[in-house]
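Structure first, commentary second.
Chain A is the first sequence line, chain B the second, and so forth, proteins listed ahead of strands; every chain is numbered from 1.
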Amino acid sequence: MRMSRLFSQTLREAPADAEMPSHKLLVRAGFIRQLAAGIYTAMPLGKRALTKIENIMRAEMNAIGGQEITMPVVHPAEIWQETGRWYQIGSEMGRFKDKNDRDMVLGMTHEEVVADLTRKEIHSYRQLPVLIYQIQTKWRDDPRPRAGLIRVREFTMKDSYSLDADWKGLDKQYRAHYQAYFNIFHRCGIPVIAVKSDVGMMGGKMAHEYMYLTPYGEDTLLLCDACDYSANRQIATFQKQAAPAEEPQLLEKVATPECKTIAELAEFLGIPESKTAKAVFLIAEIPEGEESVQKFVFAVVRGDMELNETKLTNALKASELRPATEEEIIAVGAVPGYASPVGLPEKNDYLPVVTVVDELIPQSANLVAGANEAGYHLLNTNYGRDYKADIVTELTAARQGDGCPRCGEPLREVRGVEVGNIFKLGTRYSDAMGATFQDKDGKEKPVIMGSYGIGSGRLLASVAEEHHDEYGLIWPITVAPYQVHLVVLTGKKGGEETLQTAEQLYRDLRDAGVEVLYDDRVASPGVKFNDADLIGLPIRLTVSARALSQGGVEFKRRDQQERRLIPLDEIITAVKDEIATLHADIMAKVVEVPFVD
RNA sequence: CGGGGUGUGGCGCAGUUGGUAGCGCGCUGCGUUUGGGACGCAGAGGUCCGGGGUUCGAGUCCCCGCACCCCGACCA
């Protein structure tokens with residue numbers, strides 16, 4: 001490709017609204033352009049890099065028996081109503097009506113379509129197992145798109161779906177993906193770790209997320225350096241220190257003026273925060289059939305701990321959870337800052353109240369809790385004696401330094417970008433949509449499903465994030481839009497001859513099957529070199545009068561400082577060798593990764 | 001959805017007490033230059049986010065919207 005014809009320009013300055021290095025550089029180098037919040041065009045360079053990534057995905061999917069298909073972007077609402085997600089998922093789902101006033105959905109994922117295909121195509125255990133996949137556009141109207149391509153609303157995703165006759169089959173396909181995904185990321189040149197994760201809107205039995213670790217990541221992970229425990233903060237557990245057993249003491253009301261926070265309360269009473277109970281108020285949306293009801297949630301955790309809203313959401317089977325406002329808290333008869341489940345009015349005119357307490361609360365005697373009266377707290381509240389909860393479960397968030405649930409060593413908190421995920425769905429969708437098959441024993445059984453996704457744009461951005469320096473991008477050979485950046489410098493002296501040499505080299509390289517971006521523009525050396533660094537192709541060749549007079553063409557790798565002169569007639573071989581070396585270096589990193597349950 | 005910020009030429013920005021818009025980069029033409037974002041000369045390019053209002057007069061002041069970015073909530 002000639003740069004004089006390339007449909008994108010480099011920018012000297014990044015748009016002011018870009019923050020992450022990958023975002024700035026992808027825009028500056030002309031890989032992407034923004035159309036609206038979270039909506040981007042892939043320009044020619046970006047598209048080529050994406051295609052490289054997607055072909056790696058294809059290769060790895062095909063290697064584990066995948067068959068590529070393309071499913072529709074637009075779905076009738078009916079299939080989403082069948083599984084209930086039409087009601088469960090909120091504003092994130094793109095909905096519209098067609099001209100006949102029928103409800104339609106913009107596909108955010110394709111379990112429903114796969115289940116529909118399955119019930120139409122699969123009738124016998126003889127047809128299983130199956131692995132199908134597609135690389136296709138998704139729409140998720142994220143409330144807050146950000147960070148360039150990391151978090152967008154419209155994006156391309158490789159999503160695969162496994163269909164099995166039994167759980168053993170699912171396990172096999174799940175593990176095949178587990179490794180194939182590592183292969184994909186390693187072939188793209190980024191290190192990732194797999195962590196156990198929440199199943200979220202997908203439902204199902206088990207899930208892993210592949211995390212690229214970077215401070216710019218928006219997910220928080222807890223890792224144990226001593227054993228191999230790793231989990232998303234949303235589901236991470238830890239070893240809780242149970243309080244020493246005590247005899248329940250008499251309930252006592254004390255004045256605690258200006259003690260609205262746990263810290264102030266503990267300080268005022270001279271007790272550790274672990275001797276207090278913290279109440280958190282939320283409003284939950286809980287689906288019940290095709291309807292959903294709002295409930296006021298009273299969550300109680302020990303004062304020294306933090307509520308984990310994902311765990312609470314799961315305990316409530318809620319579709320939405322948000323903090324309650326002061327007005328709402330008052331409306332149910334509680335007093336902000338001094339609230340507790342003790343002495344809460346049985347009924348209120350606002351919303352039904354659900355009380356959920358952390359498992360540690362019943363084990364902790366004589367906690368200080370609010371008195372539901374401004375300026376007062378209760379000493380010695382005891383679960384069971386003074387109040388009861390609707391649900392007792394594990395509710396607290398793991399934090400840096402908490403004990404690993406497996407080995408007790410301190411956990412470490414890191415940030416990461418979720419570049420892929422795998423889910424054991426089980427029969428959630430096949431049950432809902434009647435996707436069954438006849439098994440060997442003659443019985444009708446639901447197909448067992450798995451679902452696996454990788455966003456290609458997010459992966460591209462992660463690769464850019466991992467591989468760049470102050471001058472620009474540094475693409476791994478496997479992802480680079482072109483392998484070679486050919487620069488011609490045509491000074492006054494010998495300009496014509498230099499140009500002819502470069503033109504010939506451009507043709508020869510292409511004839512040899514090398515992917516070349518050829519900077520044939522009329523521009524100064526500084527401009528060309530800076531653009532080459534910015535775009536970041538792995539190998540740079542410079543044809544100039546100076547280099548030619550010294551006997552050849554200058555050869556430089558983007559990831560190295562050294563430049564060397566290579567005679568013209570050896571260039572093609574040298575380039576092909578270097579490409580092979582770069583590939584080999586990447587493939588050396590594609591290794592077996594032990595499965596961590 | 002809460003909190004904060006920003007909207008002026010393609011990009012980055014300035015614009016004073018309110019007086020009819022400017023700088024750098026980029027772009028066009030001509031010439032000089034050519035190994036790390038060259039220089040000269042001549043140009044093109046602006047509904048100042050939108051709508052109301054105040055005023056003789058609004059990029060500037062006041063309302064109401066919208067868009068984009070950041071933090072949080074949320075998120076496969």
Hey, does A:Arg540 reach any base, or is it just sugar-phosphate, or nothing, if we go heavy atoms under 4.0 Å? base

Toward the 5' end of RNA chain B, by each residue's nearest nucleotide, A:Val527 or A:Ala147: A:Val527

Distance between P atoms of B:G12 and B:A44 (Å, rounded): 24 Å

Whether A:Gln179 side chain and A:Val593 backbone form a donor-acceptor pair below 3.5 Å: yes

Taking atom C1' of B:C27 as reference, at what distance in whole Å does atom CD of A:Glu13 sit? 16 Å

Mind checking who B:A58 pairs with, Watson-Crick or G-U wobble, both distances under 3.5 Å? none

I'd like to know if A:Arg146 pairs up with A:Glu19 as an ion pair, taking the criterion as any Lys NZ or Arg NE/NH1/NH2 lying under 4.0 Å from an Asp or Glu carboxylate oxygen. no

Tightest non-hydrogen contact, residues A:Val105 and A:Trp86, listed as CG2-CZ3, 3.4 Å

Between A:His208 and A:Tyr178, what is the ring plane arrangement, given parallel below 30°, perpendicular above 60°, and tilted in between? perpendicular

Searching all strands shown, indicate the nucleotide that pairs with B:C75 (Watson-Crick or G-U wobble; both distances under 3.5 Å). none

When we call it a touch if two heavy atoms are under 4.0 Å apart, what does A:Glu209 touch: a base, just sugar-phosphate, or nothing? nothing

Distance, C1' atom - from B:C49 to B:U8, rounded to whole angstrom: 10 Å

Could you tell me if A:Arg175 sits above the aromatic ring of A:Phe595, with its cationic atom closer than 6.0 Å to the ring centre and no more than 45 degrees from the axis? yes

Could you work out the separation of B:U34 and B:C39 based on their P atoms and round it to a whole Å? 14 Å

5'-most contact on RNA chain B: A:Asp142 or A:His23, nearest heavy atom basis? A:His23

C1' atoms of B:G57 and B:G19, separation to the nearest Å: 7 Å

Could you tell me which nucleotide pairs with B:U17 by Watson-Crick or G-U wobble geometry, both distances under 3.5 Å, or answer none if nothing does? none

In whole angstrom, give me the gap between the C1' atoms of B:G9 and B:A14. 14 Å

Select base, sugar-phosphate, or nothing to describe what A:Ala532 touches, counting heavy atoms under 4.0 Å on all strands. nothing

Touch check for A:Arg458, heavy atoms < 4.0 angstrom, all strands: base, sugar-phosphate only, or nothing? nothing

When you check the gap from the basic side-chain N to the acidic O, do A:Glu578 and A:Arg557 get nearer than 4.0 Å? yes

Considering only atom C1', compute the distance from B:G50 to B:C66 and round it to an integer number of Å. 7 Å

For atom P, what is the distance between B:U20 and B:U60, given to the nearest Å? 14 Å

Using a cut-off of 4.0 Å on non-hydrogen atoms, how would the nucleic acid contact of A:Asp159 be classed: base, sugar-phosphate, or nothing? nothing

According to a strict under-4.0 Å criterion, is A:Arg151 in side-chain N/O contact with OP1 or OP2 of B:C74? no

Is a donor-acceptor contact shorter than 3.5 angstrom present between the side chain of A:Arg546 and the base of B:G36? no

Base partner of B:C41, which must satisfy Watson-Crick or wobble distances under 3.5 Å: B:G29

NA contact type, A:Ala547, heavy-atom cut-off 4.0 Å: base, sugar-phosphate, or nothing? base

Which value, in whole Å, describes the distance between the P atoms of nucleotides B:G26 and B:A38? 8 Å

Is there a donor N/O on one and an acceptor N/O on the other, under 3.5 Å, for the side chain of A:Arg144 and the base of B:G3? no

Nucleotide paired to B:C48 in any strand shown, Watson-Crick or G-U, under 3.5 Å: none

